[in-house]
Structures are given as structure tokens and as C-alpha cells.
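Values reported hereafter were calculated over all heavy atoms of this structure, with side chains retained and with hydrogens, waters and symmetry mates removed. Note that ligands are numbered from 1 as they come in the structure, with each ligand's atoms numbered from 1 the same way. Predicted model only: the values in this text are computed from it and were never measured.
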Amino acid sequence: MFGGEQEPDNYYVGIDVGTGSVRAAVVDQRGVLVAYSEQPIKKWEPQFNHHEQSSEDIWAACCVVTKKVVQGMDLSRIRGLGFDATCSLVVLDKQFRPLPVNHEGDSRRNVIMWLDHRAVSQVHRINETKHSVLQYVGGVMSVEMQAPKLLWLKENLKETCWDKARHFFDLPDFLSWKATGVIARSLCSLVCKWTYSAEKGWDDSFWKLIGLEDFVADNYSKIGNQVLPPGASLGSGLTPEAAKDLGLPTGIAVAASLIDAHAGGLGVIGADVRGNGLICEGQPVTSRLAIICGTSSCHMGISKDPIFVPGIWGPYFSAMVPGFWLNEGGQSVTGKLIDHMVQGHAAFPELQAKATARCQSVYAYLNSHLDLIKKAQPVGFLTVDLHVWPDFHGNRSPLADLTLKGMVTGLKLSQDLDDLAILYLATVQAIAFGTRFIIEAMEAAGHSISTLFLCGGLSKNPLFVQMHADITGMPVVLSKEVESVLVGAAILGACASGDFPSVQALISLKVNTRF
Ligand SMILES: Nc1ncnc2c1ncn2[C@@H]1O[C@H](COP(=O)(O)OP(=O)(O)O)[C@@H](O)[C@H]1O
Ligand SMILES: O=C(CO)[C@H](O)[C@H](O)COP(=O)(O)O
């Protein structure tokens, strides 16, 4: 972004709602992050594969972090606000009150999270229809998308939720509604998770065929019949009530939102790489793959013309970079898998104690422990006898098979810290091989990728980044600004403010690291 080296006059606020926490940042007109705050959010897992959150808890966390980042600032310099969030499903009634998405009737828990796999039977039936909209999600709809979840609600919670529901929002759209009172949806969420077409709109025949004809009957008013491009300015901007909640001025511009992975993609894909000797310098932006690695990893590749890749979501038109088609590969659990493997190991308490004693994160400790035990050989060779298959939560791409499970081969009876470190390494390598598998599928279908641009929590782990470079054989670029997802959200706010002509004009960022 945003260009220019002059002293900043204008600032933009980005709010990023991830799976585990909400982050806010103030970003100046040069694209520099000047304040940052983070707050955890609640998650419930009332039964296996059911994952729920609370939209009120999420909004409250947005308010806490935003108030913190603008503390002491001249608020009149804040020109715009942008949101991104996970693609979770929020359910509200006629008065915009939360409705329960669970058998317990707990209306606090009104969000079915993106990683929730309750709607297995529903997605199976949807895929059996072989409807033409499925071509635009890689040929197979994921259980993580919204149509199967909506059908599950209709079939399982008819009285307590479905019949009372008036608004079904993707979480990024819920946030922009909460800030502005405008119920218009972002093209990003509707195209990527709800089968909406940027060119043709909703397909009545799909909703009728899968048993959700209710939406057609009321002209899609419950799921969105006003659609805006990400970055478009919403209504009259921030309402007085939301302004009070967030500690921001009433009326500042608020943008139509993005899904979190797409905000990260926007934050990194246009990076200015000049002078780094990278292969992608001078190549079109379509040679870049943005990988947003947090709880999950999302692999975002763009093209001028639509490319149909079996098992990879899309092609989606204008869902991330306006005017480009997007393909989105993904691994449903990556950060969550690494945490699961490390925290579940018998040597974890010892690891935690040793890391704490050195004032290090467990991952920094494990990385230095691997360096110690590798001796003269390259670290990657420590796993010649131990292998992980990482699909503990199914395979999102390119196999698109939610029934797949994880595997570890080569286990021994010992369970000491060395074993834990090597299991951690094998898990990171397995995830990197998953990325290679996705890239191979994208290239076989017509993409031509030369360089990876990583962001998200896992990109702060040097071992994770190095393994991606080694295993894919591609250079990995990290942004100068570590919190690229928040920069993507702030780009939306900057675009909505009218200070910049378009999202495209805003996506050139500086980089400083390569692996
Ligand atoms: N400094 C770090 N070193 C290693 N791993 C990290 C670091 N920071 C975050 N992570 C990992 O990144 C993942 C969370 O990434 P994040 O982008 O915060 O997720 P989300 O957006 O899904 O909430 C976790 O698995 C966490 O362990
Ligand atoms: O489906 C997705 C994007 O299309 C993401 O996996 C989902 O939004 C969760 O993101 P994160 O792992 O960053 O919390």
C-alpha cells in the first residue's frame, strides 16, 4: 500500500477475526502498522466435530482490541475501517438476536464455525446432485461450506432455530452489518462459501434441488440479495452505537469485508519484490501463490481466465483481487494439527517447563532442540524413519475427501523430548508436502506458480517456512509487515474511505525476507 514515503496524515483500522483470537491494527497511509492488539475468543466443542462460537463474544472482543489500538490517537485522522473473519455461519432472528445452533438450545452459541463437520450426510447428498454450481468449488462441495450447514439446521433444529431464523450471515458480513446496520453481503463470502456467482447471481435450481427452496421463495433475503465488492463503502459508515462500542468516530467509512484468508492474500500477493533477485520479479502476479497459515492453511492463486482444478475451490471471479479469478486450495488443520501433536505428547510438560525457563515459545525451543540433535546432517533428515499423513480433519485439497484420517508411521516405545521434536518436524514436513501436492494439482490444471508468499501465525515459525521452501523447491517471501492479514483488512478500510481509487492501487507492499 498505499505508497509514498511522506509523513502519514491518514490512518485505517483493520480488524481480523481468526479462529482463536481477534486482532486489530491501526495502519497508516504508507501501509505501516502502527498499533496492534489481540484478544482470545471463546470456542465450544459440545460434541465431536461440532464447533461453535458466539457472535456477541466475537463483537465484544472486536471492541476491546479496537479501543486499545486507537488509545491516545487523534481520532479525526482515522478514515476507514475494514473487517475480515473466518467463514463461519452466524444465525440471528428477526430482531437480530442470536439463535442457538445446538441441541442444548444455548443461544449464546449462535455460530457454526468453519471447521465444524456436523453436516456430513447433508454434503454427501448435495454432492450426489452433481449440480453445475459444484464446478465452481472444485467439483466437490466441502462440508465446511454454508449450504450443508444450513440444510443441517433445517433438518435438525427446525423449531428452535430454522423457523425463527431471519438472517444467516457469513461472519465477515455479520461484522460489517454490526458496524453499519447494512445487511448487504460481500461478494467474497457469497461467491466462495454460498455458491453465488459474480456473473449470474443465485441459482434457484440448486437451492430447490437440495431442499432449501425456502431461500428462493423469499428472494434470498435471509442469505443476501444485495451484494457488494470487497472494499465498497457501506451505507453511512459507522453507526453511533457501533462507534461507541469500538471507540471510533461515528460516520467513518466501513468497507464490505473479506474472509480472513482472502484478506491475507490481498495483504501479500501484490508485494513489491524489486531488488531481491526473486524469480517472480518481472513475472505476472499470477505466478505468485499466497499461503495464509493459521489454524488452517489456505493456498490462494489467481488467474486472468477461469481455471478449473479438481479438488481445489473456485474458480471464483473477483472474490479476492478484483478482475482476477481465484483458486483456493486448503488444508483444514495445520496450526491446529501442530498444536495437537505437540500438546498431546507425553514429553509436552517437560517441553513446556524447559521453554518457560528459557522465556521461549515451545516452538522456538523445539526448533533449537532440533538444531542440537541433528548434528552434522540437515535437519530434514531426522525424519527418515518417521512419517505423518496430516489429514486428521479430512483432506480439503486436492483430494477433497472429508473421510480421510491422519496417520503416523515409524513410532517407537520411547517418548522423550527428542521423539517429540522429531514428531513435530515430521508433522511440519507433512503439511509442507500437502502444499506441494496442492501446487502440483494447480499446475497440472494450468497455473504457473514460481514463488510462495506466506503470512499468518505459522509464518512466524522459521522451521515451517524453511520446510515449505525445501519441499516445494520454491522461494518463500515474507512481508516486511508480519501482520499481513490485518494489512489486508486495513486495505479494505482505505479503499472504502475513498482516499485511494481501488483495491488494486493498494496492494503493492514491501518485502524484506526470503527463504
Ligand atoms: N511465533 C510462533 N511460532 C510458531 N507458531 C506460531 C507462532 N505464532 C503463532 N503460531 C501458530 O500459528 C497458529 C495460529 O495462527 P493464527 O494466524 O493466529 O490463527 P487463526 O487466524 O486461525 O486464529 C497456531 O497453531 C500457533 O501455534
Ligand atoms: O476456509 C477458510 C478460508 O476460505 C479458512 O480456513 C477459515 O476461514 C479459517 O481460517 P484460519 O485458519 O485463518 O482461522
Side-chain angles (χ1 to χ4, degrees), residues 15-23 36 38-43 51 53 58 61 83-89 111-117 137-138 141-146 149 170-172 186 188-194 257-267 290-300 312-314 316 319-320 326-343 355 360-368 393-394 396-397 424 427-428 431 454-467 478 482-486 488-489:
I15 300 180
D16 165 38
V17 179
T19 300
S21 66
V22 171
R23 289 73 76 150
Y36 171 85
E38 180 166 2
Q39 167 95 358
I41 44 179
K42 292 199 181 96
K43 290 179 278 180
H51 296 267
Q53 284 183 317
I58 291 169
F83 292 97
D84 72 74
T86 64
C87 43
S88 301
L89 177 68
V111 180
I112 304 185
M113 291 178 73
W114 62 273
L115 77 168
D116 186 293
H117 280 194
V137 290
M141 181 169 284
S142 164
V143 68
E144 293 170 11
M145 291 185 171
Q146 308 298 17
K149 289 173 175 160
D170 219 272
L171 185 53
S186 162
C188 173
S189 45
L190 289 198
V191 166
C192 298
K193 308 292 169 175
W194 299 70
S257 312
L258 279 171
I259 297 167
D260 54 355
H262 302 63
L266 211 56
I291 311 184
I292 298 81
C293 336
T295 303
S296 61
S297 289
C298 301
H299 306 70
M300 323 296 279
I312 307 266
W313 294 346
Y316 300 134
M320 187 173 85
L326 170 71
N327 284 106
E328 178 180 351
Q331 294 164 287
S332 289
V333 288
T334 52
K336 189 174 170 70
L337 176 64
I338 297 170
D339 295 346
H340 175 82
M341 296 299 253
V342 169
Q343 289 165 14
Q360 276 184 326
S361 75
V362 289
Y363 296 112
Y365 189 93
L366 282 173
N367 293 350
S368 53
H393 199 48
R396 191 190 281 180
S397 312
Y424 156 71
T427 307
V428 171
I431 292 167
L454 260 58
C455 65
L458 285 172
S459 70
K460 297 174 192 164
N461 182 344
L463 181 82
F464 185 89
V465 178
Q466 190 65 60
M467 287 301 130
L478 300 178
V482 178
E483 300 298 338
S484 302
V485 182
L486 278 164

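- Distance from atom 14 (O) of ligand 2 to its nearest protein heavy atom, with residue and atom name: Thr19 OG1, 2.4 Å.
- Of the N or O atoms in Thr295, one or more lie within a sub-3.5 Å distance of an N or O in ligand 1.
- Both the backbone and the side chain of Thr295 come within 4.0 Å of ligand 2, judged by heavy-atom distances.
- For atom 24 (C) of ligand 1, the choice among Val22, Ile292, Asp339 with the nearest heavy atom turns out to be Asp339.
- Taken from CG in Asp84 to CG in Leu266, the straight-line distance is 10.0 Å, to the nearest 0.5 Å.
- Taking the side chain as every heavy atom from C-beta outward, Val22 and Glu38 never approach each other to under 4.5 Å.
- For the side chain to side chain contact (heavy atoms under 4.5 Å, CB included) with Arg23, the lone residue among Val17, Val485, Asp16 that qualifies is Asp16.
- Ligand 1 lies less than 4.0 angstrom from a heavy atom belonging to Leu458.
- By the criterion of a heavy-atom distance under 4.0 Å, neither the backbone nor the side chain of His340 is placed next to ligand 1.
- For ligand 1 and Gly335, the ligand atoms under 4.0 Å from any heavy atom of the residue are 25 (O).
- Residue-level proximity to ligand 2 for Cys87 is carried by backbone and side chain together, each with a heavy atom below 4.0 angstrom.
- Close contacts between ligand 2 and Cys298 involve ligand atoms 2 (C), 3 (C), 5 (C), 6 (O) [criterion: under 4.0 Å to a heavy atom].
- One side chain, Asp170 or Trp194, offers a donor N or O that lies under 3.5 Å from an acceptor on the other.
- In this structure, atom 2 (C) of ligand 1 lies nearest to the protein heavy atom Lys460 CB, 3.8 Å.
- Distance NE2/His262 to OG/Ser186: 9.0 Å, rounded to 0.5 Å.
- Any N or O atom pair closer than 3.5 Å counts here, and Arg23 shares at least one such pair with ligand 1.
- Residues Trp114 and Thr19 bring a donor and an acceptor atom of their side chains to less than 3.5 Å of each other.
- Looking from atom 9 (C) of ligand 2 to the surrounding protein, the closest heavy atom is Trp114 CE2, 3.2 Å.
- In summary, the aromatic rings of Tyr424 and Tyr363 are positioned with their centroids under 6.0 Å apart.
- The shortest N or O to N or O distance between Trp313 and ligand 2 is not under 3.5 Å.
- By the 4.5 Å heavy-atom criterion applied to side chains, Met113 and Thr86 are not counted as neighbours.
- Contact of the Lys460 side chain with the Val482 side chain is registered, since non-hydrogen atoms from C-beta on lie closer than 4.5 Å.
- No side-chain heavy atom of Cys87 sits under 4.5 Å from any side-chain heavy atom of Leu171.
- Listed by number with element, the atoms of ligand 1 under 4.0 angstrom from any heavy atom of Gly18 are 21 (O), 23 (O).
- The protein non-hydrogen atom at the shortest distance from atom 1 (O) of ligand 2 is Lys193 NZ, 3.1 Å.
- Between Pro172 and Leu258, every side-chain heavy-atom pair lies at or beyond the 4.5 Å cut-off.
- For ligand 1, one of its N or O atoms has an N or O atom of Thr19 under 3.5 Å away.
- The shortest N or O to N or O distance between Gly294 and ligand 1 is not under 3.5 Å.
- Using cut-offs of 30° and 60° on the angle between ring planes, the pair His117 and His393 is parallel.
- Scanning all protein heavy atoms for the shortest distance to atom 6 (C) of ligand 1 gives Gly457 O, 3.5 Å.
- Looking from atom 11 (P) of ligand 2 to the surrounding protein, the closest heavy atom is Asp260 OD2, 3.4 Å.
- Those atoms of ligand 2 that come under 4.0 Å of a heavy atom in His262, given as number and element, are 4 (O).
- Contact atoms of ligand 1 toward Tyr363: 4 (C), 5 (N), 27 (O) (distance under 4.0 Å to a heavy atom of the residue).
- For ligand 2, the polar-atom distance check finds an N/O of Glu328 within less than 3.5 Å of one of the ligand's N/O atoms.
- We find the CD-SG distance between Glu483 and Cys455 to be 9.5 Å, quoted to the nearest 0.5 Å.
- The shortest contact between atom 4 (C) of ligand 1 and any protein heavy atom is with Asn461 CB, 3.6 Å.
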Legend entry - Verdict with supporting geometry, Asp260 and Ile292, side-chain contact (heavy atoms from CB on, under 4.5 Å): CA-CA 9 Å; Asp260 54 355; Ile292 298 81; over 6 Å; no

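- Listed by number with element, the atoms of ligand 2 under 4.0 angstrom from any heavy atom of Ala261 are 3 (C).
- Taking any N or O of Arg396, backbone or side chain, at least one lies under 3.5 Å from an N or O belonging to ligand 2.
- No side-chain N or O of Gln39 forms a donor-acceptor pair with one of Ser21 less than 3.5 Å apart.
- Of the protein's heavy atoms, Ser296 OG, 2.6 Å lies nearest to atom 12 (O) of ligand 2.
- Between Gly20 and ligand 1, at least one N/O pair is under 3.5 Å apart.
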Inset, instruction - Report the C-alpha distance between Phe464 and Ser459 in whole Å, list the side-chain angles of each, state the deciding distance to 0.1 Å, and finish with yes or no for side-chain contact (heavy atoms from CB on, under 4.5 Å). - result: CA-CA 7 Å; Phe464 185 89; Ser459 70; 5.9 Å; no

